[in-house]
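Heads up: the structure comes next, in structure tokens.
Being a predicted model, the structure only gives us computed values, none of them experimental.
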Amino acid sequence: MKVYTSNSAAETEQIACDLAATLKSGDFIAFFGDLGAGKTAFTRGLVKALAPECLPLVHSPTFAIVNEYIGKQNSIFHFDMYRIKDEDDLLSTGFYDYAVRGGIIVTEWSENIESCIPDDAIRITIEKTGESSRRITVC
């Protein structure tokens with residue numbers, strides 16, 4: 001387990017860039033944290049490091065359920081599970097099809113799919129500790 005302190009969205013992105021160097025296709029990242037904690041900023045840092053040609057496109061997938069960032073060398077599938085309430089909802093997103101496509105799966109609001117998170121997933125909790133400061137725990 002590693003714990004980081006971030007004092008800005010830019011620092012959160014940099015922490016993600018550093019973590020990205022350890023990732024490979026097939027990895028699963030499960031985010032936990034309140035609204036506005038910085039989950040999308042963290043994802044932006046991952047995309048910056050792994051698929052920089054997709055950078056202008058990074059935003060929360062709240063209404064789309066999934067955003068695909070298909071880079072030249074890496075793909076990131078960014079899910080928002082906020083409105084997912086059960087296994088049927090999850091199936092309707094095509095979620096399980098993404099695992100066979102390769103790439104890195106990133107899920108926000110992972111609390112809603114706890115039973116579907118792989119045992120070897122990287123779990124990242126982002127907690128607000130101030131107006132722009134965050135504690136980021138990576139397990």
Side-chain angles (χ1 to χ4, degrees):
M1 175 172 62
K2 283 192 166 186
V3 179
Y4 302 88
T5 299
S6 171
N7 292 303
S8 67
E11 286 183 17
T12 297
E13 289 180 27
Q14 186 56 54
I15 292 166
C17 283
D18 295 344
L19 175 69
T22 69
L23 298 177
K24 62 188 179 316
S25 182
D27 282 345
F28 190 109
I29 297 175
F31 283 120
F32 300 86
D34 291 335
L35 184 67
K39 299 177 293 285
T40 300
F42 201 100
T43 301
R44 193 169 31 256
L46 294 174
V47 171
K48 182 178 183 179
L50 298 171
E53 59 276 11
C54 299
L55 245 187
L57 305 174
V58 178
H59 59 278
S60 177
T62 301
F63 298 105
I65 305 293
V66 63
N67 290 335
E68 297 184 17
Y69 306 113
I70 310 299
K72 292 177 183 169
Q73 295 182 332
N74 296 290
S75 297
I76 297 172
F77 306 116
H78 180 199
F79 285 86
D80 185 314
M81 300 300 181
Y82 184 76
R83 290 178 280 143
I84 302 301
K85 302 301 179 208
D86 56 31
E87 184 73 18
D88 287 337
D89 285 351
L90 191 59
L91 282 170
S92 72
T93 68
F95 177 75
Y96 295 106
D97 297 330
Y98 283 86
V100 298
R101 290 179 59 186
I104 297 165
I105 294 177
V106 175
T107 60
E108 296 190 22
W109 300 103
S110 299
E111 299 87 343
N112 291 348
I113 62 160
E114 188 76 45
S115 65
C116 302
I117 298 172
D119 292 338
D120 62 348
I122 299 165
R123 294 169 175 264
I124 299 176
T125 302
I126 305 177
E127 302 167 278
K128 296 179 187 178
T129 56
E131 181 66 30
S132 59
S133 59
R134 306 290 187 262
R135 179 178 30 255
I136 301 170
T137 306
V138 179
C139 299

Query raised in the report: So, Thr62 and Asp80: side-chain donor and acceptor under 3.5 Å apart, yes or no?
Result: yes
Query - salt bridge (Lys or Arg N to Asp or Glu O under 4.0 Å) pairs, two or more places apart, involving residues 87-96 - result: none
Query raised in the report: Are side-chain heavy atoms of Phe31 and Trp109 found at a separation under 4.5 Å?
Result: no
Requested in this report: To the nearest 0.5 angstrom, please state how far the NE2 atom of His78 sits from the OG atom of Ser60.
Outcome: 6.0 Å
**Report entry** Shortest non-hydrogen contact between Thr107 and Ala30, atoms and distance
**Finding:** OG1-CA, 3.5 Å
Query raised in the report: So do the side chains of Ile136 and Val3 get within less than 4.5 Å of each other, counting heavy atoms only?
Result: no
Query raised in the report: Quick one: OG on Ser110 to CD1 on Ile29, what's the gap to the nearest 0.5 Å?
Result: 10.0 Å
Query - ILVMFWY cluster, Ile84 and Tyr96 together (side-chain gap under 4.5 Å) - result: yes
Requested in this report: Let me see the working for Thr43 and Thr40 under side-chain hydrogen bond (donor to acceptor under 3.5 Å, both in side chains), right down to the final yes or no.
Outcome: CA-CA 5 Å; Thr43 301; Thr40 300; 5.6 Å; no
Query raised in the report: Should we say atom CG of Asp34 is surrounded by more than 12 heavy atoms from elsewhere, each under 6.0 Å from it?
Result: no
Requested in this report: State which residues pass side-chain contact (heavy atoms from CB on, under 4.5 Å) with Cys17; sequence neighbours excluded, sorted by chain then number.
Outcome: Gln14, Lys48, Ala49
Query raised in the report: Considering all heavy atoms of both residues, which atom of Cys116 and which atom of Leu90 are nearest to each other, and what is their separation?
Result: SG-CD2, 3.5 Å
**Report entry** Distance-minimising heavy-atom pair for Arg134 and Gly36
**Finding:** NH2-O, 3.0 Å
Query raised in the report: Partners of Lys24 by side chain to side chain donor-acceptor pair (under 3.5 Å), sequence neighbours excluded?
Result: Asp27
Report task. Please report the shortest heavy-atom distance between Ala51 and Asn74, naming the atom on each side. Result -> CB-O, 3.9 Å
Query raised in the report: Does some side-chain heavy atom of Phe77 sit less than 4.5 Å from a side-chain heavy atom of Ile104?
Result: no
Query raised in the report: Between Ile117 and Phe28, does a side-chain contact (heavy atoms from CB on, under 4.5 Å) hold up when you go through it step by step?
Result: CA-CA 8 Å; Ile117 298 172; Phe28 190 109; 4.1 Å; yes
Report summary line: side-chain contact (heavy atoms from CB on, under 4.5 Å) filter on Ile65, not counting sequence neighbours, yields Phe79, Arg83, Thr93
Query raised in the report: What residue pairs, at least two apart or across chains, pass salt bridge (Lys or Arg N to Asp or Glu O under 4.0 Å) with a residue in residues 98-125?
Result: Glu68-Arg101, Glu114-Arg123
Query raised in the report: In terms of hydrophobic clusters joined by side-chain contacts under 4.5 Å, are Leu46 and Val66 together?
Result: no
Query - Reported NZ-to-CG distance for the pair Lys2 and Leu19, which is rounded to 0.5 angstrom - result: 9.0 Å
Report task. In sequence, state the C-alpha distance, the side-chain angles, and the governing distance for Phe32 and Ile126, and then conclude on side-chain contact (heavy atoms from CB on, under 4.5 Å). Result -> CA-CA 6 Å; Phe32 300 86; Ile126 305 177; over 6 Å; no
Report task. Using a 4.5 Å cut-off on heavy atoms from C-beta on, say whether the side chain of Ile76 contacts that of Ile105. Result -> no
**Report entry** 4.5 Å side-chain heavy-atom contact, Leu55 and Arg44
**Finding:** yes
Query raised in the report: Within a reach of under 6.0 Å around OH of Tyr82, are more than 12 heavy atoms found that belong to other residues, nucleotides or ligands?
Result: no
Query raised in the report: Would Thr137 and Met1 count as a side-chain contact (heavy atoms from CB on, under 4.5 Å) if you check the C-alpha gap in whole Å, the side-chain angles of each, and the deciding distance to 0.1 Å?
Result: CA-CA 7 Å; Thr137 306; Met1 175 172 62; 3.5 Å; yes
**Report entry** Results of side chain to side chain donor-acceptor pair (under 3.5 Å) for Asn67 - residues two or more places apart only
**Finding:** Tyr69
Query raised in the report: For Leu35, does the CG atom have more than 12 heavy-atom neighbours from other residues, nucleotides or ligands under 6.0 Å away?
Result: no
Query raised in the report: Do Val47 and Ile122 belong to the same hydrophobic cluster, where Ile, Leu, Val, Met, Phe, Trp and Tyr are linked whenever their side-chain heavy atoms lie under 4.5 Å apart, directly or via other members?
Result: yes
Requested in this report: Step by step, work out the side-chain contact (heavy atoms from CB on, under 4.5 Å) result for Met81 and Phe95.
Outcome: CA-CA 10 Å; Met81 300 300 181; Phe95 177 75; 3.5 Å; yes
Requested in this report: Taking the side chain as every heavy atom from C-beta outward, state whether Tyr4 and Ser6 have any atom pair closer than 4.5 Å.
Outcome: no
**Report entry** Which atom of Cys54 lies closest to which atom of Ile70, heavy atoms considered
**Finding:** SG-O, 3.4 Å
Query raised in the report: What pair of heavy atoms forms the shortest contact from Ser133 to Asn7, and how long is it?
Result: CB-OD1, 3.5 Å
Requested in this report: Look at the side-chain heavy atoms of Ile, Leu, Val, Met, Phe, Trp and Tyr, link any pair under 4.5 Å apart, and say whether Ile113 and Val106 land in one connected group.
Outcome: no
